[in-house]
Amino acid sequence: MDSSVDRIAQPWGGRTPYGRHDAWPTRVDTHLMEGVSPGDVQRWVRAASILHSDGDAMDIAVKDGRMVGVRGRAEDRVNHGRLGPKDLFGWQANASSDRLTRPLVRQDGRLVETDWATAMDRIVSRSKDLLQEKGPGSIGFYTTGQLFLEEYYTLAVLARAGIGTNHLDGNTRLCTSTAAEALKESFGCDGQPGSYDDIDHADVIALFGHNLAETQPVQWMRVLDRLDGNDPPRLLCVDPRPTQVARRATVHLAPRLGTNVALLNALLHEILRTGRVDHAYVEAHTVGFEELETRIKDCTPEWAAGVCDVPAARIAEAAEILGSADRLLSTVLQGVYQSHQATAAAVQINNIHLIRGMLGRPGAGVLQMNGQPTAQNTRECGANGDLPGFRNWENDQHVADLAKVWNVEPKQIPHYAPPTQAMQMFRYAEQGSIRMLWISGTNPAVSLPELSRIRSLLSQERLFVVVQDLFLTETAQLADVVLPAATWGEKTGTFTNADRTVHLAEKAVEPPDGTKPDLDIFLDYAARMDFRDKDGGPLIPWHDPESAFEAWKRCSAGRPCDYTGLTYDKLRGPTGIQWPCNDDAPDGTERLYTDGISWSHPDTCETYGKDLVTGASDSVVEYRSLNPDGKAMIKAADYVPPHEGPSADHPFQLTTGRTIYHFHTRTKTGRAPQLDAAAPDVWVEVSVADAAERDLGEGDLVEVSTPRGALRGRVRVTGIRPGLLFVPFHYGYWDTPAGHGPDENTPGRAANEATVTDWDPVSKQPLFKTAAAALTLVERGDGRPAPAPTTTASAPSGTGGERVPATTGGPSAHATQSAHAIRPEDAIRSAHAIRSEDAAQSATALRNGREEGSQ
């Protein structure tokens, strides 16, 4: 990498163009601490990104026992040496001065330091008392999307077979549960059909609610390189914001929030009307096509235009692109998953591929993407709403098979009802049936909807809260016991990215004294609880990451996510490997469904399906009658209006999302100086037309309120569609005087103060993108721009902080948004200006937050 390139101002770096069907050229990105040269590095230790779901392979630079930098791994299939901004800079958080290094317990209303034995004894004592007094249903586990496979699997065994609770889920419920559910609804099983390599071969790439440029920046680099090469792909972008994807798209559709199903039904209608159906593929590999034909016969572009507020002609153009594709790759993320009718919409995208026969070939595939780095592992290992190995909880043979792997009786594994999803777990805690909640590696006091409610329920005296984390997060401050954990770079384990690529991340440095790897914490708990198998032996016989991985391999054997061909030594090779990897596929499997649909037979499928509108479960009898031979399922869904829409009091729609510079609740990225300076505080994106109508200008302080709560942020005027407000969800309170929530001196800052407690009926994923909101001016700005990046979807509509004149609004403002877009050279200059002006204040806020957190 050219060291002169500022990877904050130019987050995607320089271009290496290549043509269709060619190999993506290598570009090795490196960042070392100031004063460290490559010759100073004593060891390079393999790892992969833990700050997004791309799975970028990298090596950690070590000098004198410290991390001093990272570089991309040139030979890896995922990134060919490239790294995004979070990869390059985020590792610095490991050395933050406010790392937790001793357990904490609540005493007289305050958290005080203690030793590990005292902390674990308190947890074990409460666990045993609850099991005796109230049973296993009184204990719940809420985990993350950032642990390693070995840790999730251990947690799943101790929770399901040790405690015997049905209450185990991950914060992946917030970001990728719809991906899993949509794949199960269409293909009978989880697992991405496509591969990142499909970018090299596709002639059309359709991105549905997926801001690829900011959520998986390395794969956006890949798309950019294709766009600059020979025979570039056409892009279809469905997104209400002017993302970098939208700016490069052949067609950009910006629908009204909550109308994805209507739009997709119209696209399907046009594909059918113009005769672009692969009837041979449909006949051989699917069921349900006739119902789809019937259900969408009236879903014309004109009808959808009225629902979605998108011109009918543009919908027809998008359908033409999809229908005329030679090799179609579709990617899907939170704009679909966190919105109204999430699973129904994601399934319609699968339907486009099924009716067009666009699966199992280079360039023809679906990526129902993940948002978190190890989300795929929560699903595989059963640390979310599934049983390990993609087993079906309603299939007695699957439960018996799992019981055999664990050497327990089948009745010991709870399968009387679906595994409890996270939103329901927190409701049970609120109502009092869950009395102990163990939260590992996640921060629900910022990331869940309707935060005042979450803070209230976590603060209940009857609820015993355990938090296992690196820092004193907003959630940890409400806990009864806090366990200091080691993290990436300080421990060894495997994890799997969004296209099924498994990487090994090895321990590079010793963790801070007093911390423990998550695996060791779970193993210690299991030993103290004395969990036993049916023969009286230890329920969990493994003792370290590699023996845990070998145990997982036995659990995965013969299942879709078969890891039996993988070993730690094999994963020390030049590249990650895609599952399934076994005797039949010793080098891994690039694409699924190359020879038809593999795992949808009634005897092997992961689910019998659900009604896409109500979420009601189908029975095995219904499934067998509709799909006796195990084909892909084309499932139609009617459009249903959102539960909450704009009103006179709340005339806007509120959506939340990410920026390229931060991950989740900033517990790591907010402690990396470059990333924090690039996006130091929350902002509110307002359209040109809405800013003009309300006489709002860049940098004005506004309040966004809903019936649940309110937050305040500085205005950024962008080309977002009129009537819509965007707020990034990363910002909480750990680096403010308030610490864990708003108070009289600290107004609301977190986007989820205002979001709604509602979820998709099928996937149970919260709806972070459908709230009705009001917008109020609090104070005029001082001429400085909002603390928002100018390099990304939040780029201002003009060239800086001027007030938008009232004459620039009107119906044409959204249609001409690209004309208002800041020029790249101005964006870079503006980004530098914002960082230089805000860096000192940001550093002060960070220090204040650390001092507050250590008290």
Side-chain angles (χ1 to χ4, degrees), residues 32-33 36 41-43 45-47 49-51 58 60-70 86 89-105 111-120 123 143-144 146-148 150-151 373 439-443 466-477 479 481-493 495 505-525 544-545 663-673 675-676 734-735 846-847 849-855:
L32 296 175
M33 288 178 63
V36 176
V41 177
Q42 296 164 341
R43 289 188 300 130
V45 181
R46 73 179 48 251
S49 177
I50 200 70
L51 293 174
M58 66 176 72
I60 299 170
V62 180
K63 179 186 177 186
D64 298 333
R66 297 185 304 137
M67 289 185 188
V68 294
V70 292
K86 291 193 289 289
F89 305 118
W91 55 272
Q92 298 168 99
N94 284 29
S96 292
S97 60
D98 59 341
R99 282 285 298 272
L100 292 169
T101 56
R102 293 197 67 187
L104 306 173
V105 296
L111 287 172
V112 297
E113 291 186 348
T114 188
D115 56 68
W116 273 95
T118 299
M120 294 304 295
I123 296 169
T143 191
T144 180
Q146 299 180 70
L147 302 187
F148 291 159
E150 296 81 355
E151 294 161 340
I439 301 169
S440 51
T442 187
N443 191 15
V466 178
V467 171
Q468 180 173 318
D469 216 317
L470 314 183
F471 301 101
L472 194 65
T473 65
E474 292 87 342
T475 304
Q477 293 180 54
V481 177
V482 180
L483 303 177
T487 187
W488 172 95
E490 303 166 355
K491 60 183 183 178
T492 294
F495 55 99
E506 301 201 76
K507 181 179 177 179
V509 299
E510 291 297 324
D513 289 342
T515 68
K516 291 185 178 183
D518 298 272
L519 178 62
D520 290 358
I521 296 171
F522 293 145
L523 290 174
D524 184 29
Y525 177 70
D544 65 2
F663 180 71
H664 214 45
T665 61
R666 295 174 59 252
T667 52
K668 296 184 182 73
T669 56
R671 290 171 166 90
L675 300 175
D676 182 60
W734 62 264
D735 53 349
L846 189 57
R847 285 193 298 272
R850 288 172 180 166
E851 292 164 3
E852 176 73 14
S854 63
Q855 291 175 356

Applying salt bridge (charged side-chain N to carboxylate O under 4.0 Å, His left out), can you list everything that pairs with Lys507, at least two apart in sequence or on another chain?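 Glu510.
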
Any residue meeting side-chain hydrogen bond (donor to acceptor under 3.5 Å, both in side chains) with [X], in chain and number order, not counting sequence neighbours:
{"X": "Thr473", "result": "none"}
{"X": "Thr669", "result": "His662"}
{"X": "Thr144", "result": "none"}
{"X": "Asn94", "result": "none"}

Go through the structure and list residues passing ring-ring contact (aromatic ring centres under 6.0 Å, His included) with Tyr525, not counting sequence neighbours.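 Checked Tyr525 against ring-ring contact (aromatic ring centres under 6.0 Å, His included); matches are Trp438.
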
With Phe148, which residues qualify under ring-ring contact (aromatic ring centres under 6.0 Å, His included), at least two apart?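 So Phe148 forms a ring-ring contact (aromatic ring centres under 6.0 Å, His included) with Phe495.
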
Spacing of CG belonging to Leu104 relative to OG1 belonging to Thr114, to within rounding of 0.5 Å: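 One gets 9.0 Å once the value is rounded to the nearest 0.5 Å.
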
Which heavy atom of Ile60 sits nearest a heavy atom of Ala47, and at what distance?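 Taking every non-hydrogen atom into account, CD1-CB, 3.8 Å.
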
Looking only at atom types and distance, does a side-chain atom of Trp116 sit under 3.5 Å from a main-chain N or O of Gly514, one as donor and one as acceptor?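 Between the backbone of Gly514 and the side chain of Trp116 there is a qualifying donor-acceptor contact (under 3.5 Å).
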
So does Ala485 get a backbone contact from the side chain of Arg99, meaning a donor-acceptor N/O pair under 3.5 Å?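 Yes.
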
Residues two or more places apart in sequence or in another chain: which of them pass side chain to side chain contact (heavy atoms under 4.5 Å, CB included) with [X]?
{"X": "Ala93", "value": "Ser96, Lys668, Arg671"}
{"X": "Pro517", "value": "Ala486, Lys491, Asp520"}
{"X": "Val509", "value": "Val62, Met67, Glu490"}

